[in-house]
**Q** 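Can you read through this structure? Questions will come right after.
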Amino acid sequence: MIGQKLYMAVWADTGVEYEECYDHDGCDCFEPVSEPAGWREYALERWGTEPREGEVWPDGHKPFFWPKTNVPYKSRSTAQRRVDIINYWGGKAIVVECTPVWESVTAANMRRTAERFEARIAKKQAEVKELARQRDVALGYAA
């Protein structure tokens with residue numbers, strides 16, 4: 001899987017007024033404050049008037065919802081279809097891609113540990129430099 005690109009649909013801007021909510025999977029999602037024009041007709045054609053077991057449709061049709069955007073895809077065209085749906089209903093999304101670096105958990109842990117140590121070293125070096133500057137100012141060596 002080395003070199004395999006992954007794609008996701010991400011929000012560039014919602015473009016509509018929304019409320020943040022959590023769906024049944026615990027995933028962040030957006031619930032629109034108002035239903036976009038044409039949704040009722042689309043929902044009735046797509047899902048009919050009868051909700052599935054456990055669903056509640058207070059207006060007699062499936063309530064509007066934004067598609068999930070937390071799913072990576074192996075195909076750019078699949079991510080683009082998700083973006084197209086969001087943009088069609090008034091949101092603004094784009095496709096992003098990444099090329100993951102696959103490494104063993106042991107190697108990843110060692111890399112992260114080294115990065116943390118390097119960050120600490122850089123911070124301490126900056127502190128030493130500042131202390132030296134303050135010393136030089138106190139002794140009149142620097143302006």
**Q** Rounded to the nearest 0.5 Å, what separation is found between the OH atom of Y73 and the CD atom of Q80?
**A** 12.0 Å
**Q** Could you report the tightest heavy-atom contact between D59 and R40, atom names first, then the distance?
**A** O-NH1, 3.2 Å
**Q** Say you draw a straight line from CH2 of W47 to CZ of R52; how long is it, rounded to the nearest 0.5 Å?
**A** 9.0 Å
**Q** With hydrophobic residues grouped by side-chain heavy-atom distances under 4.5 Å, do W11 and Y88 end up in a single group?
**A** yes
**Q** On a heavy-atom basis, which atom in Y7 and which in A79 lie closest, and how many Å separate them?
**A** CB-CB, 3.8 Å
**Q** Are the side chains of W57 and P63 in contact, using a 4.5 Å heavy-atom criterion?
**A** yes
**Q** Could you pull out the closest heavy-atom pair between A9 and R82, with the gap in Å?
**A** CB-CG, 3.7 Å
**Q** Does this structure show an ion pair linking R111 with E103, if we count only N-O contacts that are shorter than 4.0 Å?
**A** yes
**Q** Heavy atoms, side chains only, cut-off 4.5 Å: are E55 and K62 in contact?
**A** yes
**Q** So, taking the atom named CG in L131 and the one named NZ in K124, what distance separates them when rounded to the nearest 0.5 Å?
**A** 10.0 Å
**Q** Between Y42 and F64, is there a side-chain heavy-atom distance shorter than 4.5 Å?
**A** no
**Q** Is the distance from the ring center of W66 to that of W39 below 6.0 Å?
**A** no
**Q** Answer yes if I86 and I94 sit in the same cluster of Ile, Leu, Val, Met, Phe, Trp and Tyr residues linked by side chain heavy atoms under 4.5 Å apart, and no otherwise.
**A** no
**Q** Under 4.0 Å between a side-chain nitrogen and a carboxylate oxygen: does that hold for E130 and R133?
**A** yes
**Q** Side chains of L6 and K74: does their closest heavy-atom pair fall under 4.5 Å?
**A** yes
**Q** With side chains defined as the heavy atoms from C-beta onward, is the minimum distance between T106 and M110 less than 4.5 Å?
**A** yes
**Q** How long is the span from the SG atom in C98 to the CD atom in Q4, to the nearest 0.5 Å?
**A** 9.5 Å
**Q** With H61 as reference, evaluate E45, E41, E35 under the side chain to side chain donor-acceptor pair (under 3.5 Å) test and give the passing residue.
**A** E35
**Q** Using side-chain heavy atoms (C-beta onward) and a distance below 4.5 Å, is T69 in contact with V83?
**A** no
